[in-house]
Asks: 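Sharing a structure here in C-alpha cells format.
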There are 4 protein chains.
Amino acid sequence: MKKRALERREQILKAAFHAVADKGFEAVTLQDFADYAGVSKGVTNYYFENKEDVFSSLLDWVTKQIYKNECEAINDQSSAMKKLEAYIHSVFISPEKNRTFYKVYLDFIAQASRNERYQQINLQFYENCWGLGREIIVFGQEEGVFPKELDLNQSAKMIRATIDGCLIQWLMCNQDELHELYKQSCLETIVRFLRC
Amino acid sequence: MKKRALERREQILKAAFHAVADKGFEAVTLQDFADYAGVSKGVTNYYFENKEDVFSSLLDWVTKQIYKNECEAINDQSSAMKKLEAYIHSVFISPEKNRTFYKVYLDFIAQASRNERYQQINLQFYENCWGLGREIIVFGQEEGVFPKELDLNQSAKMIRATIDGCLIQWLMCNQDELHELYKQSCLETIVRFLRC
Amino acid sequence: MKKRALERREQILKAAFHAVADKGFEAVTLQDFADYAGVSKGVTNYYFENKEDVFSSLLDWVTKQIYKNECEAINDQSSAMKKLEAYIHSVFISPEKNRTFYKVYLDFIAQASRNERYQQINLQFYENCWGLGREIIVFGQEEGVFPKELDLNQSAKMIRATIDGCLIQWLMCNQDELHELYKQSCLETIVRFLRC
Amino acid sequence: MKKRALERREQILKAAFHAVADKGFEAVTLQDFADYAGVSKGVTNYYFENKEDVFSSLLDWVTKQIYKNECEAINDQSSAMKKLEAYIHSVFISPEKNRTFYKVYLDFIAQASRNERYQQINLQFYENCWGLGREIIVFGQEEGVFPKELDLNQSAKMIRATIDGCLIQWLMCNQDELHELYKQSCLETIVRFLRC
DNA sequence: AATGAATGAGGTTTCATTCAT
DNA sequence: GATGAATGAAACCTCATTCAT
C-alpha cells in the first residue's frame with residue numbers, strides 16, 4: 001500500500017530527526033533510528049535505500065517543514081513590517097525547537113560542503129527563504145518603508161544570513177534565556193539595514 | 001626535546017586541518033592525519049592522547065590563528081571605518097582559505113552543541129571576536145560615525161553573526177566567484193545597521 | 001528466540017574454551033573464538049558484551065560443568081571411601097580433558113588475583129568443591145573411617161588444595177603417562193591425612 | 001663492564017617482578033618495566049633480547065631466589081620435623097611476599113603449558129623442591145618419625161603439591177588473615193600423610 | 001650506554017548492510 | 001511486510017621493537 005509506506009517513511013524520518021538531534025550526525029546509528037521509531041532494525045533498510053538515503057530525505061523533509069511554517073506566518077500578515085516580524089517570529093519559534101532543528105541543520109550543512117545532494121537540498125531551501133525575503137522587501141518598498149535602491153537579491157540573502165548567523169551563535173552559547181534577546185537583535189539588525 | 005615535540009604537534013595539527021577540510025570530521029581517520037603529515041600511523045597517538053585530543057587541539061589552534069590575523073589587521077588601522085574594512089578584509093581572506101577554514105569550522109560547531117570542550121573553545125573565540133567588534137564600535141562612536149545609542153555588546157554580537165552567516169551561506173552556494181559579492185554585502189550590511 | 005540465543009552462546013563458549021586452551025588467555029583473539037566456532041568475527045560481539053564478558057561467562061560455565069560432574073560421581077556412591085574414590089576419579093578424568101581444563105583454569109586463576117569477577121566465580125567453585133569434601137568427610141566420620149576430631153572445613157579445603165596441587169604439578173611435567181600416578185598419589189595422600 | 005651489566009639486568013628483573021605482580025603478565029608493558037626500574041624505555045631492549053627474554057630471565061631468577069631461601073631455612077635445622085617446619089615457614093613467608101610471588105608464579109605456570117622455556121625452568125624449580133622434600137623425608141625415616149615404606153619421590157612431590165595447592169587457594173580467597181591458618185593446615189596435612 | 005621518537009602490526013569494537021525466516 | 005541474526009569492513013588504539021642521536 002502506497003499510503004502506508006509514506007506514513008512509515010515519515011515515522012522513520014521524525015524518529016531520525018530526534019535521533020540526529022540527540023546523538024549527532026556522526027554518532028547516530030540505524031539502530032538509533034529503529035529505537036526512536038519503535039520499530040525493528042530492518043525497517044529502515046526496507047523503506048530507504050541506505051543510511052545516506054535517510055539523511056537526504058530527512059534534510060529535504062525538515063527544510064520543507066520549516067519553509068512551510070515560514071510561508072504561513074508571512075501570508076497571514078499584510079504589511080511589510082508585520083510580515084518581517086512574523087517571519088522572524090516563526091523562525092525563532094522556541095528555544096527547544098530551535099535547538100533541535102539547528103543541531104540537525106548544522107550537522108547537515110557541515111556535511112553539505114562535501115555532499116552534492118545535501119548542497120542541492122539546502123540550496124533549494126535557500127532559494128525558498130530568499131524568496132520570502134524578497135517578498136517582504138518588495139512589500140516594504142511599495143509601502144515606502146524600505147528604500148527603492150536596495151538590491152533585492154542581495155538584501156534577501158543578507159536577511160537569511162543574519163537569521164542563520166544569529167541562531168547559530170545563540171546555539172553555541174547554550175543559554176536558552178538569550179533566545180529572546182537574539183530574536184530581538186536579529187529583527188532590529190535586519191530592520192536597521194533595510195531602512196532608508 | 002620540548003621544542004621538537006611542539007613542532008611535531010603543529011605539523012600534525014596542520015595536516016589534520018587539511019585532512020578534516022577534505023574528508024570531513026565524520027570521515028577523517030588517524031591514518032589520514034598521518035598521511036597528510038607524511039608520518040606513520042602511530043605518531044598521532046604519540047603526540048596526542050587520542051583522536052578527540054587532536055580535534056580539540058585543532059579547534060583551539062585554528063581559532064587562535066584566525067583571531068590573531070584579525071587582531072593584526074585591525075591594529076594596523078586607525079579609523080573605525082578603516083578598522084571595520086580591515087576586519088572584514090581579513091575575515092574574507094580568499095575563497096580557498098575561507099572554504100578550508102569554514103568547512104572545518106562548521107564541522108566543529110556542528111559537534112559543539114554536544115561537546116562541552118568544543119563549546120568552550122568556540123566561546124573563547126566568540127569572546128575574542130566580540131571584543132574586536134566592540135573596539136571598532138567604540139572607535140566609531142568616538143569619531144561620531146556610529147550612534148552613541150548602540151548597545152555595544154549586542155552590536156558586536158551582530159557583527160560576528162553577520163560575518164558567520166554570510167560566509168556559511170557563501171560556502172553553501174559553492175561558487176567562488178560570489179566571494180567578493182558576499183564580502184561587499186557583509187560589509188555594507190554591517191555599516192548600514194551600525195550607522196546613525 | 002531465546003533458546004536459539006542460548007545455544008549460540010554455548011556454542012561460542014565451547015569454542016572459546018578450546019581456543020583458550022590452545023592459544024592461552026593472553027594470546028587468544030576474538031577471531032580465534034569465531035574460527036573455532038565456525039562463525040564470523042562479529043558474532044561474538046553480538047552475543048557477548050565484549051571479550052571480557054566471554055571470559056567471565058566461560059569461567060562460570062566451565063566451573064559449573066566440572067562441579068556438576070563431580071556431584072554426579074559422588075552421589076552415585078554410598079560409602080565415604082567410594083565417594084572419595086569417585087570424586088578423585090571424576091576429577092582425574094583423563095589426560096586430555098585434564099590438560100584442556102587445567103590450562104584454561106590456570107589462565108583464569110592467574111588473572112583472578114587482579115579480577116574481582118573471576119575471583120567471585122572461582123570462590124563459588126571453591127565453595128561447591130569444599131561442600132563435596134565436607135560431605136565425604138561427614139560420611140566417613142559416621143562410618144568411623146575418619147576421626148571425629150578432624151576440622152571439617154579445614155580438611156575439605158585441604159582435599160581441594162591437594163587435588164589442584166597435584167593436577168597443576170602433573171600439567172607442568174607435561175607427561176601424560178604420569179596422570180595415573182598422580183591420581184593414585186593424590187587419593188593416597190588424601191586418604192592418609194584423613195585417616196584416624 | 002660485565003659487572004655493571006649484571007647489576008642492570010637484576011635491577012630490571014626486580015622492577016619487572018613487581019610490575020608483573022601489579023599489572024599481570026598479560027597487561028604489563030616494556031614501559032612498565034622501565035617505569036618501575038626508573039630507567040628509560042630503551043634500556044630493557046638493550047640488556048635483554050626482547051620481552052620474552054625478560055620473562056624467562058625473571059622466572060629463572062625468582063624461582064632460584066625462592067629455592068635459595070628454602071635451602072637456607074632447611075639447612076639451619078637438624079631434625080626432620082624442624083626441617084619440615086622451617087621449610088613451610090620459609091615458604092609461607094608473609095601474606096605480602098606470598099601474594100606478590102604467587103601472583104607472578106601463577107602467571108608463569110599458566111603460560112608454561114604452552115611455553116617450552118618456562119616449563120623447563122619450572123621443572124628445574126620442581127626438581128630442586130622435590131630434592132628438599134626427599135631430604136626431609138630421608139631424615140625423618142632415619143629418625144624413625146616417618147615410615148620406611150614411604151615412596152620417596154612420590155611423597156616429595158606430594159609435599160610440593162600440597163604447598164602450592166594451599167598457597168594458590170589462599171591467594172584466591174584474597175584474605176590475608178587466612179594466611180596463618182593455611183600455613184598451619186598445610187604443615188598439619190603434610191605431617192599427617194607422612195606419619196607412620 | 002642510554003634515550004625516546006618513530007613505526008606499523010595486530011587487537012577489539014562498532015555498525016551498515018544483507019537475507020533467511 | 002517485518003524481523004533480527006549474521007557478516008565483515010574499517011576504525012581506534014596499544015605497544016614491541018628499531019634506531020638515530
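Protein chains get the first letters and strands the later ones, always in sequence-line order, with residue 1 at the start of each.
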Asks: Over how many whole Å does the gap from A:Phe33 atom CZ to F:dT3 atom C1' extend?
Replies: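 So the CZ-C1' distance, A:Phe33 to F:dT3, works out to 19 Å.
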Asks: Under the side chain to side chain contact (heavy atoms under 4.5 Å, CB included) rule, what do D:Phe108 and D:Leu58 come out as? Steps first, then yes or no, please.
Replies: CA-CA 10 Å; D:Phe108 274 111; D:Leu58 173 56; 4.0 Å; yes
Asks: What is the distance, to the nearest angstrom, from the CD atom on B:Glu7 to the C1' atom on E:dA5?
Replies: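 Taking CD of B:Glu7 and C1' of E:dA5, I get 14 Å after rounding.
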Asks: Quick one: sort the A:Phe55 and A:Phe25 rings into parallel, tilted or perpendicular, breaks at 30° and 60°.
Replies: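 The arrangement is parallel - the two ring planes meet at less than 30°.
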Asks: Please state how far atom CZ in A:Arg4 lies from atom C1' in F:dA2, giving the value in whole angstrom units.
Replies: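 The answer, rounded to whole Å, is 10 Å.
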Asks: Select one nucleotide: of F:dA16, E:dT17, E:dA2, the one nearest the side-chain heavy atoms of A:Lys51.
Replies: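 Closest nucleotide among those given: E:dT17.
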Asks: Do the side chains of A:Lys64 and A:Asp60 get close enough for a salt bridge, i.e. N-O under 4.0 angstrom?
Replies: yes
Asks: Hey, which sits more toward the 5' end of DNA chain F by its nearest nucleotide, D:Gln31 or A:Tyr46?
Replies: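 Counting from the 5' end, the first nearest nucleotide belongs to A:Tyr46.
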Asks: Of the nucleotides F:dC12, E:dT3, F:dA6, which has the atom closest to the D:Val43 side chain?
Replies: E:dT3
Asks: What is the nucleic acid contact for D:Tyr47, judged by heavy atoms within less than 4.0 Å: base, sugar-phosphate only, or nothing?
Replies: sugar-phosphate
Asks: Does the E:dT14 base have a donor-acceptor partner in the side chain of C:Lys41 within less than 3.5 Å?
Replies: no
Asks: Counting side-chain heavy atoms from CB outward, which of F:dT17, F:dA6, E:dT7 is closest to C:Ser40?
Replies: F:dA6
Asks: Mind checking who F:dT14 pairs with, Watson-Crick or G-U wobble, both distances under 3.5 Å?
Replies: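 Check on F:dT14: paired to E:dA9, both distances under 3.5 Å.
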Asks: Answer yes if the side chains of B:Gln120 and B:Arg117 hold a donor-acceptor pair under 3.5 Å, and no otherwise.
Replies: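 Side chains of B:Gln120 and B:Arg117: no pair found under 3.5 Å.
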Asks: Compare every heavy atom of D:Asp107 with every heavy atom of D:Gly24, then report the nearest pair and how far apart it is.
Replies: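 Nearest pair, atom of D:Gly24 first, then D:Asp107: CA-OD2, 3.8 Å.
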Asks: Can you tell me the pairing partner of F:dA20 across any strand shown, Watson-Crick or G-U wobble, with both distances under 3.5 angstrom?
Replies: E:dT3
Asks: Write out a two-atom table: protein N or O, nucleotide N or O from nucleotides 19-21 of chain F, distance below 3.5 Å.
Replies:
none

Asks: By nearest heavy atom, map B:Arg8 and C:Val28 onto DNA chain E; which one lands nearer the 5' end?
Replies: B:Arg8
Asks: CZ of B:Phe48 versus P of F:dT14: gap in Å, rounded?
Replies: 15 Å
Asks: Between E:dA2 atom C1' and D:Ile12 atom CD1, what is the distance in whole Å?
Replies: 11 Å
Asks: Which whole-number value in Å describes the distance from D:Asp53 CG to F:dT17 C1'?
Replies: 14 Å
Asks: Using whole Å, report how far CZ of D:Arg9 lies from C1' of E:dA2.
Replies: 17 Å
Asks: Taking the nucleotide of DNA chain E with the closest heavy atom to each, which residue, A:Leu30 or C:Asn50, is nearer the 5' end?
Replies: C:Asn50
Asks: Measure up the A:Tyr105 and A:Tyr102 rings against each other and bin them: parallel (under 30°), tilted (30 to 60°), perpendicular (over 60°).
Replies: perpendicular
Asks: Whole-Å distance between E:dA1 P and D:Gln11 CD?
Replies: 14 Å
Asks: If you look at every heavy atom in A:Met172 and B:Ala112, which pair is closest and at what distance?
Replies: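 Smallest interatomic distance, heavy atoms only, reads SD-CB, 3.8 Å.
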Asks: Closer than 4.0 angstrom, basic N to acidic O: yes or no for B:Asp35 and B:Lys23?
Replies: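 No.
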Asks: Describe the nucleic acid contact of D:Val54 in one word from base, sugar-phosphate, nothing, applying a heavy-atom distance below 4.0 Å.
Replies: nothing
